[in-house]
Each structure stands twice: as structure tokens, then as C-alpha cells.
Amino acid sequence: MQKTLHPDDFEDDSHSVALQLIGAVLLVDGVGGRIVETEAYDREDPASHSFGGPTLRNQAMFGPPGRAYVYRSYGIHWCLNFVCREQGHGAGVLIRAIEPLHGIDVMRERRGMDDVRLLCAGPGRVGQALGITHDMNGMRLDRKPFKVVAREHDVAIVAGPRIGISKAADVPWRFGVRDSPFLSRRF
DNA sequence: CGAACGATTAGCT
DNA sequence: GCTAATCGTTCGA
């Protein structure tokens, strides 16, 4: 029995949501797979875009939960977050890696490579493989083009420090499926 | 208005 | 392991 996640399912804090999302299936226009790596960000978190309050870029993080927050990374990549916690809080979960399951040929085309392990192993790669664009910023995750299906089976989850940040680099707010070959890095 | 800086990746050593 | 690529956001003058 599949359960499609609803905005109500994103009202918890970002750490709980990040944990819940491991093993969930994410599809964008039918293309995607199983989420194997996430990171939590929060308003009181110096490494978060929402630290310091709302700005033009991060406004989606301060909107209602269960929406997408899409931002441009290093002027090159589009990265996808799920907004969570109560409206106005500025919390979100970064989708860092996916195990490709559906539309693999489409992802290969978009990424310009064949190796399935590298199609979605990293936030920028996920954005490119799933065709994430800035106009998806703020869109509901329970409506087209998105589909998020809750985890159906237990998985072994590991936690560790987040990647690529300089502030609050010590807290273990990165989560992943233990020993998955599709992680952006091993834990 | 100018300048520094990324929640990254690919490619080369 | 190291670094260039590349540009929007943010912050200080």
C-alpha cells in the first residue's frame, strides 16, 4: 500500500523529516527513485540559508511546509529542498542523493553519462537528473510534477556531519542509507 | 555599486 | 588530492 506524502507530513522539525525521507521515493514527471541521502537545515542553524531571516532567495523556506525550495548552487547547479516545520520557520531538507529507479534513460540523457551510480549522487546531480528548474521553487510536493511516496520498508540509516559547509560543520545532520552505492560520499 | 562567497561538480595530476 | 568553472545572492561602502 503506497502512501503519498501530504504537506501535513512535513510539519515536523527538519531533522525528523530528513530521517523520514530516507527510503522514500521521489519522482519529478515520473523520473526519479529512492532517496538515499538527505541533510537537515534549520532557522537557528548558521549553515542554513534561512539563518538571518527571510530574503528574496530563501522565501520558500519561510512559506508553508511540503513545498519545494530550489536554489542555484555555485552559479551552476539547481538543488532541491523540501520545506518543513511550521510556516514561517525557515527549515528544510536538502535532497542529496537518489537511487535511480524510474526514467533512467531520461536521466542518462540529461546527465550525459551512463553510470547509474553517478546519475543522482550529489545535490547538483539530483537537480540535473530530475530536471529541477527554478520555476519549481515554492511548488507543492503532493502535486504535479512532484510525487513523494513514503518509505515502505525498514532501512538501516546512518548519520554524519553535513558536507560542503564551513559553519556548524560538526553536527551530524546528514542522513543516509547505510552502505548504499548511490550516496554522494560514504559515511 | 562593487566584491566576495558559496548546502558543487568534473576533470586533471 | 586540487582547482577552474560560473553567476546569483548578500553585504559593506
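Order of the sequence lines fixes the chain letters, A, B, ..., with proteins taken first and strands second; residue numbering starts at 1 for each chain. In what follows, every heavy atom counts, from backbone to side chain, and hydrogens, waters and symmetry copies are set aside.
In the region residues 65-100 of chain A, proximity to DNA chain C at under 4.0 angstrom, judged on heavy atoms, holds for Tyr74(A), Gly75(A), Ile76(A). Taken residue by residue, residues 31-61 of chain A places heavy atoms nearer than 4.0 Å to DNA chain C at Thr55(A), Arg57(A). A heavy atom closer than 4.0 Å to some atom of DNA chain C occurs in no member of residues 155-187 of chain A.
Paired regions of DNA chain C, where each region holds three or more successive Watson-Crick or G-U pairs whose two hydrogen-bonding distances fall under 3.5 Å, are B:1-6 with C:7-12, B:8-12 with C:1-5.
With sequence neighbours excluded, no residue forms a salt bridge (Lys or Arg N to Asp or Glu O under 4.0 Å) with Asp114(A). Applying the ring-ring contact (aromatic ring centres under 6.0 Å, His included) test to Phe82(A) and every residue at least two apart in sequence or in another chain returns Phe10(A). With sequence neighbours excluded, no residue forms a ring-ring contact (aromatic ring centres under 6.0 Å, His included) with Phe146(A). The salt bridge (Lys or Arg N to Asp or Glu O under 4.0 Å) test applied to Arg178(A) returns no partner, not counting sequence neighbours. Considering only residues two or more places apart in sequence or on other chains, Arg185(A) meets the side chain to side chain contact (heavy atoms under 4.5 Å, CB included) condition with Ile163(A), Arg174(A).
Applying the side-chain hydrogen bond (donor to acceptor under 3.5 Å, both in side chains) test to every pair with at least one member in residues 147-171 of chain A, sequence neighbours left out, gives these pairs: Asp45(A)-Arg162(A).
Judged purely by distance below 3.5 Å, without hydrogens or angles, the side chains of Asp42(A) and His89(A) pair a donor atom with an acceptor atom. Side chains of Glu99(A) and Ser180(A): a donor-acceptor N/O pair is absent below 3.5 angstrom, by distance only. Between the side chains of Ser50(A) and Arg43(A), no donor N or O sits under 3.5 Å from an acceptor N or O.
In this structure, Glu44(A) places its CD atom where more than 12 heavy-atom neighbours from other residues, nucleotides or ligands lie under 6.0 Å away.
For Asp179(A) and Arg186(A), the salt-bridge test passes: some basic side-chain N is under 4.0 Å from an acidic carboxylate O. Salt-bridge check for Asp115(A) with Arg108(A): failed, with every basic side-chain N at 4.0 Å or more from each acidic carboxylate O.
Bounding nucleotides for the chain A contact on DNA chain B, 5' to 3', at a heavy-atom distance below 4.0 Å, are dG6(B) to dA10(B).
Met113(A) and Leu119(A) get closest at one heavy-atom pair: O-CD2, 3.9 Å.
In this structure, NE2 in His15(A) is found 14.5 Å from CD in Gln20(A), a value given to the nearest 0.5 Å.
The hydrophobic cluster containing Tyr41(A), built from Ile/Leu/Val/Met/Phe/Trp/Tyr side-chain heavy atoms closer than 4.5 Å, also comprises Met61(A), Phe62(A), Tyr69(A), Tyr71(A), Val83(A), Leu94(A), Ile165(A).
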